[in-house]
A.B. asks: 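Structure incoming, see below.
Labels below follow one simple rule: chain letters A, B, ... track the order of the sequence lines, proteins then strands, and each chain is numbered from 1. Just so we're clear, the structure is a prediction, and the values are computed from it rather than from any experiment.
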Amino acid sequence: MSYFEASARTRIRGLVDAGTFEEFCPPEMRQTSPHLARLNAPLSFDDGVAVGRARLSGHAILIAAQEGRFNGGSVGEVHGAKIRGLLDRALAERPSAVLLLIDSGGVRLHEANAGLIAISEIMRALLSVQAAGIPVFALVGGSCGAFGGMGIVTRLCNEVIMSEQGRLSLSGPEVIETVKGVEEFDSRDRALVWRVTGGKLRRAQGDATRLVEDSIPAFRNAAAELMERYRVHSLPEKSLTDLLADQERLACRNMQFSNARDGQEVWDATLSDSTHVPELSSEEFNQRLLER
Amino acid sequence: MKELFDRLFGKDRHDIAIEGLFLQGKAMVGKESATVIGTCEHAAIDAALALKISGAILNAVREGPRPILFIADTQGQALTRHDELLGLNGYFAHIARAVDLARRSGHRLITLINGEAVSGGFLAFGMLADKICALPGSEVRVMDLRAMSRVTKIELATLEQLAKESPVFAPGVENFWRMGAIHEIWSDKDSWPERLGMAFASLADERASIGFERGGRMLASPIAQCVANT
């Protein structure tokens, strides 16, 4: 089944061991956004995110799934507090991993200030979870991608599993086009948007750590395999040396691609054969990345 | 900027270099030497500037745990296709990790908003400090109302009306103060060196509970606790 087309709850059901998902702050509690209500905008009983605990291949996990169909998976006060609370909970519960199924344009503009603060709180809580030795995985393969503050949150995660359809970036192409003009970024050029933000670019750069086919079982297998790895090699705390190495890597990328504006330039430098990249299956793509 | 530094730290008590939109150096806060790292002239933060910020934080960690003062003046992230291609979100995440490493290494962290603090630029470093203070006349927001109108397809007039009524939506230092994201708003009458000295005490992330006490965010704290503890 397609991950891209599935709802947040269908993704959770397909990812975790059957019957193990237990939701916190469930829709029955009807914690809707008071700020959307004031605007007479549509509400959702889960405010666009489901959070809970479950098992994946027998491992205890905490899991959050954003619903892209509700306000573009955007982060408002309640939505953000649910994710932050889940991360706080991880410190006490110590699951094998926290999985964030990110499908979001970022801050919900209707309650922009509360959303921005919530994302900052999620960032700090996530860093505390990692400092406690618990890995956090991001899964990105939905129609809203991972943008804005959720794009930053995604890159804080220890593992980023993406499909080609997934997009990961900061400012949406529409925002850049609106502010800087269509010659800077044509948001209607779908192929270009994917070459600049899509899973195959992010995997070539190393920002995504796995590229999988657009299917829920493919995401599940990648997550299960990574969890097994973290069980064997536990997560070390990030040291100054690690961050200096990251600094060096990012500085190199900045130099190497100092004028690049198209993902093709990155593929030319990172794949054994960079022709017809958009048509490749994820398996063929991963093979070419390996060969280089 | 020199006037600001004189006013903040006292004359001859700072040695801060300004390189374009980036500033870094040392200054005295009370009897302590603090590292100062910041942006100026409403900087749009691109990958190159982000690297300077993270590099300066990592240097400060290498030098040992003295307090760090971030001076934030940013219009937000740079809006270019090139920066998106590079993965600017990852450069910002790297800054956040550097700030977190500094905190875990015993640095006390304060952000001073001097001018503008907007969206992704503010998320990247200013918002992750232990305490955030705003200088008089500062502006904090997520997005320009006109841009927001184009993205949300809500009429500008509607948004302007909403901005008058709703603190969770409207730009403004006071609104962020009510929601717990800004701890202190300084005035021109204050002694800034004194306030700075007092501000340098470490804190947990209490923004949600402060926002509740101040009536600006009534749900963030109870919902997070509901998920975390039930």
A.B. asks: Name the region of A:Gln247, side chain, backbone, both or neither, that has any atom closer than 4.5 Å to a heavy atom of chain B.
C.D. replies: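 A:Gln247 touches chain B through backbone and side-chain heavy atoms alike.
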A.B. asks: With a 3.5 Å distance limit and no angle check, can you tell me whether B:Asn89 reaches the backbone of A:Gly151 through a side-chain donor-acceptor pair?
C.D. replies: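 Yes; judged by distance alone, with no hydrogens or angles, the pair exists.
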A.B. asks: Using a 4.5 angstrom heavy-atom cutoff, name the option from B:Gly120, B:Ala48, B:Ala170 with the most pairs to chain A.
C.D. replies: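 Most heavy-atom pairs under 4.5 Å with chain A: B:Ala170.
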A.B. asks: Work out which heavy atom in A:Ala112 is nearest to a heavy atom in B:Met148; give both atom names and the distance.
C.D. replies: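 Heavy atoms of A:Ala112 and B:Met148 come nearest at CB-CE, 4.1 Å.
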A.B. asks: Given side chains that start at C-beta, do those of B:Leu85 and A:Asp262 come closer than 4.5 Å, heavy atoms only?
C.D. replies: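 Heavy-atom side-chain distance check fails, nothing below 4.5 Å.
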A.B. asks: Which bit of B:Leu51 comes within less than 4.5 Å of chain A, counting heavy atoms only: side chain, backbone, both or neither?
C.D. replies: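 Contact with chain A is through both the backbone and side chain of B:Leu51.
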A.B. asks: Is chain B contacted by the side chain of A:Asp246, its backbone, both, or neither, given a heavy-atom distance below 4.5 Å?
C.D. replies: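 Both backbone and side chain.
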A.B. asks: What verdict does the side-chain hydrogen bond (donor to acceptor under 3.5 Å, both in side chains) test give for A:Glu184 and B:Thr80, after you've listed the backbone C-alpha separation in whole Å, the side-chain angles of each residue and the deciding distance to 0.1 Å?
C.D. replies: CA-CA 7 Å; A:Glu184 181 61 37; B:Thr80 76; 4.6 Å; no
A.B. asks: Is B:Asn229 close to chain A through its backbone or its side chain, or both, or neither, when contacts mean heavy atoms under 4.5 Å?
C.D. replies: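 The backbone, not the side chain.
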A.B. asks: To check you understand the geometry: which heavy-atom pair defines the closest contact between A:Cys25 and B:Val227, and what is its length?
C.D. replies: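 Result for this residue pair: CB-CG2, 3.7 Å.
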A.B. asks: B:Ala96 and A:Met123: which non-hydrogen atoms are nearest, and at how many Å?
C.D. replies: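 Taking every non-hydrogen atom into account, CB-CE, 3.7 Å.
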A.B. asks: Given heavy-atom pairs under 4.5 angstrom as the criterion, report whether the side chain, backbone, both or neither of A:Leu201 touches chain B.
C.D. replies: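 For A:Leu201, side-chain heavy atoms alone lie under 4.5 Å from chain B.
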A.B. asks: Out of A:Gln130, A:Arg202, A:Glu177, A:Glu23, which one racks up the most heavy-atom pairs below 4.5 Å with chain B?
C.D. replies: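 Of A:Gln130, A:Arg202, A:Glu177, A:Glu23, A:Arg202 has the most heavy-atom pairs under 4.5 Å with chain B.
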A.B. asks: For A:Ser120 and B:Arg207, which I'm curious about, is there any donor-acceptor pair between the side chains at under 3.5 Å?
C.D. replies: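 The answer is yes; a qualifying pair exists.
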A.B. asks: If you count heavy-atom pairs under 4.5 Å between each of A:Ser33, A:Gly263, A:Ser258, A:Gly76 and chain B, which one has the most?
C.D. replies: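 Going by pairs under 4.5 Å, I would pick A:Ser258.
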A.B. asks: At what distance, to the nearest 0.5 angstrom, does CG of B:Leu79 lie from CZ of A:Phe185?
C.D. replies: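 Reported value, rounded in 0.5 Å steps: 11.5 Å.
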A.B. asks: Hey, which of A:Thr197, A:Ile83, A:Leu39 has the most heavy atom pairs under 4.5 Å with chain B?
C.D. replies: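 Top count of heavy-atom pairs under 4.5 Å with chain B: A:Leu39.
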A.B. asks: If you count heavy-atom pairs within less than 4.5 Å of chain A, which of B:Leu101, B:Leu88, B:Thr158 leads?
C.D. replies: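 If we count pairs closer than 4.5 Å to chain A, B:Leu101 comes out on top.
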A.B. asks: Let me know if A:Arg108 has heavy atoms under 4.5 Å from chain B in its side chain, its backbone, both or neither.
C.D. replies: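 The answer is neither part of A:Arg108.
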A.B. asks: Any non-hydrogen side-chain atom of B:Cys226 less than 4.5 Å from a side-chain atom of A:Lys82?
C.D. replies: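 No; the side chains remain at least 4.5 Å from each other.
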A.B. asks: Counting heavy-atom pairs under 4.5 Å with chain A, which one of B:Ser54, B:Gly76, B:Ala50, B:Ser105 comes out on top?
C.D. replies: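 The option with the most such pairs is B:Ser54.
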A.B. asks: Count the heavy-atom pairs under 4.5 Å between each of B:Met218, B:Met143, B:Arg104, B:Arg141 and chain A, then report the option with the highest count.
C.D. replies: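 Going by pairs under 4.5 Å, I would pick B:Arg104.
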A.B. asks: For A:Glu111, is it the side chain, the backbone, both, or neither that has a heavy atom closer than 4.5 Å to a heavy atom of chain B?
C.D. replies: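 Answer is both: backbone and side chain atoms of A:Glu111 are under 4.5 Å from chain B.
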A.B. asks: Is there side-chain contact between A:Asn113 and B:Phe169, with at least one heavy-atom pair below 4.5 Å?
C.D. replies: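 Side chain of A:Asn113 against side chain of B:Phe169, heavy atoms only: no contact under 4.5 Å found.
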A.B. asks: Distance check, rounded to the nearest 0.5 Å: A:Leu127 atom CG versus B:Leu128 atom CG?
C.D. replies: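 One gets 7.5 Å once the value is rounded to the nearest 0.5 Å.
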A.B. asks: Return the minimal non-hydrogen interatomic distance between A:Leu156 and B:Ala93, and the atom names on each side.
C.D. replies: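 Result for this residue pair: CD2-O, 3.5 Å.
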A.B. asks: Answer yes or no: is there a side-chain heavy-atom contact under 4.5 Å between B:Met127 and A:Leu116?
C.D. replies: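 A side-chain contact under 4.5 Å exists here.
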A.B. asks: Is B:Arg217 salt-bridged to A:Glu121, cutoff N-O under 4.0 Å?
C.D. replies: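 Counted as a salt bridge, because a side-chain N and a carboxylate O are separated by less than 4.0 Å.
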A.B. asks: Can you say whether A:Ser128 sits under 4.5 Å from chain B via the side chain, the backbone, both, or neither, judging by heavy atoms?
C.D. replies: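 Interface part for A:Ser128: neither.
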A.B. asks: Given heavy-atom pairs under 4.5 angstrom as the criterion, report whether the side chain, backbone, both or neither of A:Glu237 touches chain B.
C.D. replies: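 A:Glu237 touches chain B through side-chain heavy atoms alone.
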A.B. asks: Heavy-atom pairs under 4.5 Å with chain B: which of A:Ile117, A:Asp88, A:Leu62 has the most?
C.D. replies: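 Top option by heavy-atom pairs under 4.5 Å: A:Ile117.
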A.B. asks: Please state whether the side chain, the backbone, both or neither of B:Glu84 comes within less than 4.5 Å of a heavy atom of chain A.
C.D. replies: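 The answer is both parts of B:Glu84.
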A.B. asks: Is it the side chain or the backbone of B:Leu159 that comes within 4.5 Å of chain A heavy atoms, both, or neither?
C.D. replies: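 For B:Leu159, there is no contact with chain A at all, as no heavy atom is under 4.5 Å.
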A.B. asks: As an exercise: rank B:Ala220, B:Gly216, B:Ala181, B:Pro222 by heavy-atom pairs under 4.5 Å with chain A and give me the winner.
C.D. replies: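 The option with the most such pairs is B:Ala220.
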A.B. asks: Check whether A:Val78 gets within reach of chain B through its side chain, its backbone, both or neither, counting any heavy atom under 4.5 Å.
C.D. replies: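 Both backbone and side chain of A:Val78 come within 4.5 Å of chain B.
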A.B. asks: Counting heavy atoms not belonging to B:Arg214, are there more than 12 under 6.0 Å from its CZ?
C.D. replies: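 Correct, the count exceeds 12.
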A.B. asks: Find out whether B:Arg62 and A:Leu244 are in side-chain contact, i.e. whether some heavy atom of one side chain is under 4.5 Å from a heavy atom of the other.
C.D. replies: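 Side chain of B:Arg62 against side chain of A:Leu244, heavy atoms only: contact under 4.5 Å found.
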A.B. asks: Looking at A:Arg195, A:Lys180, A:Arg84, which one has more heavy-atom pairs under 4.5 Å with chain B than the rest?
C.D. replies: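 The option with the most such pairs is A:Lys180.
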A.B. asks: Given side chains that start at C-beta, do those of B:Leu123 and A:Ile119 come closer than 4.5 Å, heavy atoms only?
C.D. replies: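 Side chain of B:Leu123 against side chain of A:Ile119, heavy atoms only: contact under 4.5 Å found.
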A.B. asks: Non-hydrogen atoms of chain B under 4.5 Å away: do they reach the side chain of A:Asn259, the backbone, both or neither?
C.D. replies: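 Only the backbone of A:Asn259 comes within 4.5 Å of chain B.
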A.B. asks: Under 4.5 Å heavy-atom distance to chain B, tell me which part of A:Val51 shows up: side chain, backbone, both or neither.
C.D. replies: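 When you check distances to chain B, only side chain atoms of A:Val51 fall under 4.5 Å.
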A.B. asks: Of all of B:Phe122, B:Phe176, B:Phe92, which one pairs up most often with chain A through heavy atoms under 4.5 Å apart?
C.D. replies: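 Sorted descending by pairs with chain A, the first entry is B:Phe176.
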A.B. asks: Rounded at 0.5 Å granularity, tell me how far CG in B:Leu86 sits from CG in A:Leu170.
C.D. replies: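 Going from the CG atom of B:Leu86 to the CG atom of A:Leu170 covers 12.0 Å.
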A.B. asks: Using modelled atom types only, decide if a donor and an acceptor are shared between the side chain of B:His82 and the backbone of A:Arg261 within a distance under 3.5 Å.
C.D. replies: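 Such a contact is absent between B:His82 side chain and A:Arg261 backbone.
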A.B. asks: Looking at B:Glu165 and A:Arg38, is any side-chain nitrogen of the basic one under 4.0 Å from a carboxylate oxygen of the acidic one?
C.D. replies: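 Judged by the 4.0 Å cut-off on N to carboxylate O distance, A:Arg38 and B:Glu165 do not form a salt bridge.
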A.B. asks: Counting only non-hydrogen atoms closer than 4.5 Å, does B:Pro167 touch chain A with its backbone (N, CA, C, O), its side chain (CB onward), both, or neither?
C.D. replies: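 Contact with chain A: backbone only.
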A.B. asks: Let me confirm one number: the CG-NZ distance from B:Asp100 to A:Lys238, rounded to the nearest 0.5 Å.
C.D. replies: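 Those atoms lie 11.5 Å apart.
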A.B. asks: What closest approach, in Å, do B:Leu58 and A:Leu240 show between heavy atoms, and which atom pair accounts for it?
C.D. replies: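 Closest approach of B:Leu58 to A:Leu240: O-CD1, 3.8 Å.
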A.B. asks: Do you know the tightest heavy-atom contact between B:Arg81 and A:Glu183?
C.D. replies: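 Closest approach of B:Arg81 to A:Glu183: NH1-O, 4.4 Å.
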